[in-house]
Each structure stands twice: as C-alpha cells, then as structure tokens.
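Reading through the structure tokens given below for one structure.
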Amino acid sequence: MSKNQPTSTNDTMQKIVALCRRRGFIFGSSEIYGGIGGFWDYGPLGVELKRNVKEAWWNDMVRNPPPGPDGTEYQMVGVDCSIIMNPKVWEASGHVGGFSDPMVDCKECKARFRADKLWVPMHSVFHNVPPNYSSWVLHDANCAEADSVQEAQEYLGTDPSREVQERSGGKKVTLEAHRFLDLCKMQQQLIEQQSSPSSARRRSPSEGSLNDAFFLAHRDWMTQLGCPACKKRGKLTEPREFNLMFETFVGALQDSTSKAYLRPETAQGIFANFKNVMDSTRVKIPFGIAQIGKAFRNEINPRNFTFRSREFEQMEIEFFCHPDTSRMWYEFWRDVRIKWYESLGIKSEKLRPREQDEDDLAHYSDACTDIEYLFPFSDEPQELEGVAHRGDYDLKAHGKSAKGKENAFAVIDDATHERFVPHVIEPSAGVDRFTLASITEAYTYDENRASPEFMKFHPRLAPIKAAVFPLVAKDGMPEIAEPIFRELKKHFPCQYDAKQSIGKRYARMDEAGTPFCFTIDGQTKDDGTVTVRNRDDASQIHIDKSKCLEYLRDQLGL
RNA sequence: GCGGGCGUAGCUCAAUGGUAGAGCAUCAGCCUUCCAAGCUGAAUGUUACGAGUUCGAGUCUCGUCGCCCGCUCCA
C-alpha cells in the first residue's frame, strides 16, 4: 500500500476535500478573510457539476417525469419563488414558533441539552399519560430507564416544599404533582394544536414544539431539574432560544415590523403559490410543482464539508393528489427517487431508504422515508433526501392562516363533484448533498495508475465530457486537433491542452473526471484515426477523426 | 456551544529568539511520439489576524478568527 493511499474514512474525506480545492470544485467561502463557517463556493469545475445535478433533476422530474403508477398521467410544473417572503408564511408553517431549539446548559459539567428533553422523561413514570405518549416518552435514553419514582425524583429535586404525593394507577409518586399534571396537559395541548408541519416532520411530537408561553410558565421550575449528565441539581441555565432562521430587515427601518427571514426551506413558496399555479396553468390533480432554490439555516455546528451548510440549495417537489391515492403516490415517489440516484451512478449498496417508524411520525403524517447515502465521513448513512407524506396539513394551515378557512385551497373533482383539500407528497432533495455524494462516489484511488486519484463521474454529471490533445505540439498535430476541439465544444463542455507531457494531461483530466480524451498522434496523419483514451481503465482504441462527436454521443448516452 | 489539537508559498513540510527556504504543483522556453519523464528559467509570503515582551519574534505571552478531532446539535 502506497503511503499516499487513503487508509481511513477520515483520510479519504481529507483527500477528497483537498482534491476539490486543488482542482476547483469547492472552496471555502471568503477564504481570503479567514473564511466563514458553513458557507462554500463552487469553483469552475464544481459549478459545472452542480449545474449538471440540477439539470438532470429538472429534466428527469419536471420536463420528462417517469410515468406514474399503472401508467397514470400527471403533470409537473416548476416555480422559482423569492427567498424572502411575508413573515406570516413562517408563522403559519410553524417555523417562527417551532423552528428553534430551546437549550439549557449545565453550569457544572458544561453539558448542553434540549430543554424539552429534560422534562419529557418525567412523564414516563406516569401510566395515565395518553396512549400516544408511550412511544415517544421513551425517546430519550436517560428516561427510558426512569421507570422508578426515585429516578423521577432525581430529576425533580428533593426540596420537601416541592413534594406532593400523587397516587396514580397504584403507583405512589412523590413529586410536585400539580406541576406535573400541568405539564402533561400542556403537552397534550401542544400535540393537539401542533401547528408546525416542518418542525414535526422529523421530530417526535414532543420535541421542538415548545413555545414561549411554556417557558414563561415553567422557567424557574426547569432550572431546578437535575442535570442528566452529572446529576447535579440547580446547575442548569434558563432555556435559551436558538432560532435556526436567518433574520433580516425589509426596507431601511430596522425594527420588529420590518423583520423578515431567509427561507429555511423552499417548500413554503410552493404552497403559497398553490392557487396561483392552479389558476394559471390548467393543471389537474394529480400534479406536482417543483422548485430548485437556495435555503438558509443558521446551523449551530456545520460539519462534514458541504454536507451541513448554513446556505444550501434544495430540489423539491410538492405533489398534490387525492387523499385516497396519496399512499400510492408516496410509494411511487420514494421508489422513483431511489432509482434516480442509482441512474446517476450511486451504488445501490450505499443507498438506504430509511422509513420512519410509525411512532416517530407526526400525528398527521402517514409516512416519511429518508433516502440515505453512506458518505466516507460517517459509519452511518446520512440523509440525501426526505420523501414525506405531508397529508393536507400545509394547504389547510395556509388556508386557515391566510384565508380564514381550512378548506380555502380545496379543489373540486369534475367527475365526482367531490370537494377536497389535496394531500401532498414531498420529495425534498439537497442539491449540495447529492453533489457531494457524486463527488465521494466518483473518487477512486488506484495505486497501479500513474495518477492514482481520479474521479469516476457518471457521464451526465462529469463537468468536462472530453479533452482533445495533440500528442506533441508539433508535426502538424495541433493543426489537426484544434478543429476537432472546436467542433466538439459546440455540443459538449470540452477542453484543449497541448502543453507538457501527455501523461500529465491525462492525469489532469482524471482528476477532473473527464470520461474521454481524444489524442492526435503520428498515426492520425497516416490513416486519419485518433486515439480515444478511457478514463476508467486507461484503455485506448482508435477511431476515425471524423467520428469523435458521434463516438462521444454514443458513449455518453447524451 | 464545550473540550483537545493545529494555523509558514496552491500542496507537503523546513528554519537554535538573529537574512523566511526545499520538494511537488503552477507558468515560460527547450526537449518529448501515449500515462504526473528530463533540462533551463520564472513567479509565488504583511509566517491566519491583532496586541504584548525583546535591540531583534515564524519562534515566547495574551486575545480574536478559522480548520481538524471528540462531545453536543442537526426542525
């Protein structure tokens, strides 16, 4: 094994990051000023790659979507919505209230916890919790074991003035019972009034649904809880809000009335335009609205190269269908999306659809599948895309918030005259995540090659499709090569290079992931053939110099 | 956000508190008839940033920023 060969997953990731930077795929943003965490720039090769990702998606999902289940016809249309929207959008969607993580720190051991995780555990000692509690109460590892009254008391503190005896289902619980019951009731209300489809999409109903009123009511009490890490009491700070939305101001005046947000997801722009699209395009259920665009989340701790960035791009479809067919469409899109990744060179063994447990789902949601990919930086597959069954939640939420009626955005079936609010299936993919996946998937190390590192991009994604080289820059070879290059570049992104040794030029193309190189050599003048060099196995064949474009089209399948 | 580690040329790294260097990569020229070859030359730095100690700081001290690792977090 060569000493430069990657030896660990982390080593591989470092080499990939280095190659991305060296060859102009991805740079850290604002590097000349020391950089800024969570923001990335795409260089000359990276922007071609990322455009190819987006164009493949737009072409395959919007302009030429696959036939539906049982050959069902459906329409797909696109939109491109503004990044900044009326803040009411984010109130209706639940992001303003719910798109934040209230956190507490332990002053003793410096550990940090989500505030809601501290009190959820305590409910596990009650058996009169609502049935749907049982599953998510055990969500927290600390509490899964907290089945004894004593352990519950650990959390509550032992101040006698706080203790109240509560008999419940034969179990005698000694703690501040009325507070406890308040919590139970409040939490039940929060679940029933759950108004945050997005925040609830991947969180259990108990999490992230806390609002200011809750903290105002229980602020003092919560700081008395024991720290789950070091078990010391009274060391926790008050819960603090960590809102993940970027704020800005519209207009010159910077006050609360001008506050606005950079969108944390592109989906809401589609919902907000649902009626506009319906009224202007003659689409009929079932149909989809697609959008590619930037979104912003002020992540606490961006990591793993571009995987978790603060500014990122999404490719989202909101597919509207009749409630009776929603399950079918959900399964359809889940399968379509997995196949799409495979069609672009992602090996199926590195892809994993992970269906969320029914217990984890929000109460209005029928299903959600994360399509995950095994990146080199992790032992566990990480989310590339979420295919969510959102039910009629979003349209009803906006209908109620904007028009005062839940069914304001209902549609009418012409045949049956049935009036209904469509259900929504949402395949939501991360452009940067798949771009990164295509990079890590393409990265190949073969110590037997003169240039061991090369990028085995799928032809559709390769930033440069071909290069044209004169073997040496004399003997009339450049004069033959240049016209071939000029012809090819009309149809494909191509490069011409006559400098330095042929091996070095091949190596550079290997790192850029260029599938084919056409080399004009001495034989070209004799019999009119050029050498085609294949990136993946460095093999060579001869074809007539007039057939380069035809050969490329054939091989690339484009 | 916490703890630990690290910041010198594009990359990998040198330089006892005393003139900031090498290899690779890049560029130019020559050479070269298929895989990062060779020769000659060139360019490349406010040593992350900012203070302090010192006659003198890449080197010692402090702060800031960034990156990496581990926690934490990831609607």
Side-chain angles (χ1 to χ4, degrees), chain A residues 3-4 10-11 13-15 17-19 21-24 27-38 90 93-107 109-114 116-117 196-204 207-210 228-229 237 240 242-245 264-265 267 295 297-305 307-310 362 377 382-383 386 388 448-454 469-475 477 499-511 517 519-525 530-535 538-540 542:
Chain A
K3 77 176 177 185
N4 289 323
N10 183 43
D11 197 22
M13 206 56 214
Q14 281 184 13
K15 287 194 172 299
V17 172
L19 188 146
R21 187 184 150 63
R22 183 169 75 244
R23 297 313 312 267
F27 308 116
S29 171
S30 326
E31 270 184 350
I32 60 168
Y33 288 105
I36 176 168
W90 307 112
S93 71
H95 286 84
V96 171
F99 202 71
S100 61
D101 291 322
M103 306 289 286
V104 297
D105 293 317
C106 175
K107 286 177 270 194
C109 68
K110 306 296 183 193
R112 165 170 291 179
F113 309 94
R114 286 228 306 262
D116 51 344
K117 285 203 171 183
S196 169
S198 292
S199 64
R201 183 153 46 125
R202 288 192 194 89
R203 286 179 167 184
S204 60
E207 299 167 293
S209 56
L210 301 178
T237 62
R240 291 178 290 182
F242 289 82
N243 197 314
L244 296 178
M245 280 201 293
E265 63 174 29
R297 293 175 197 176
N298 203 352
E299 298 285 356
I300 294 169
N301 191 0
R303 279 279 168 94
N304 293 330
F305 203 26
F307 182 79
R308 179 164 299 117
S309 303
R310 291 184 164 123
F377 55 73
Q382 304 287 319
E383 181 187 350
N448 296 316
R449 287 165 67 117
S451 50
E453 284 180 302
F454 67 108
F469 302 147
L471 184 58
V472 291
K474 63 175 186 180
D475 296 346
M477 294 183 200
K499 294 292 178 72
Q500 300 181 312
S501 75
I502 190 70
K504 190 171 285 193
R505 282 176 274 164
Y506 285 150
R508 279 196 282 248
M509 283 302 119
D510 280 346
E511 284 190 342
C517 296
T519 301
I520 285 72
D521 54 24
Q523 202 180 328
T524 308
K525 284 167 77 177
V530 299
T531 304
V532 187
R533 186 262 192 184
N534 184 298
R535 172 197 67 195
S539 65
Q540 298 189 344
H542 282 79

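Note that the coordinates shown come from a computational prediction; the quantities given were computed from them, not determined experimentally. Order of the sequence lines fixes the chain letters, A, B, ..., with proteins taken first and strands second; residue numbering starts at 1 for each chain.
Residue order along RNA chain B, read from the 5' end via each residue's closest nucleotide, puts A/R508 first among A/R449 and A/R508.
On the P atoms, B/C49 is 11 Å away from B/U59, given to the nearest whole Å. B/U53 and B/C62: their P atoms are spaced 15 Å apart (whole Å). Annotation: B/A36 and B/A51 have their P atoms spaced 49 Å apart (nearest Å).
Not one side-chain nitrogen or oxygen of A/K504 sits closer than 4.0 Å to the OP1 or OP2 atom of B/C35. For A/Q500, no side-chain nitrogen or oxygen approaches OP1 or OP2 of B/G38 to under 4.0 Å.
Donor-acceptor pairing under 3.5 Å, judged by distance alone, is absent between the side chain of A/S451 and the base of B/C35. If you check distances only, the side chain of A/E511 does reach the base of B/A36 with a donor-acceptor pair under 3.5 Å.
Using a 4.0 Å cut-off between charged side-chain N and carboxylate O, A/K525 and A/D475 make no salt bridge.
The distance from atom CG of A/D475 to atom P of B/U32 is 9 Å, rounded to the nearest whole Å. Atom CE in A/M477 sits about 11 Å away from atom C1' in B/C34, given to the nearest Å. Between the P atom of B/C34 and the NE2 atom of A/H542 lies a distance of 11 Å, rounded to the nearest Å. Computed from coordinates, the A/M509 CE to B/C35 P distance equals 18 Å when rounded to whole Å.
Ring pair A/F377/A/F307: centre-to-centre distance below 6.0 Å.
In this structure, B/G21 and B/C13 make a Watson-Crick or G-U wobble pair, each of the two defining distances being under 3.5 angstrom.
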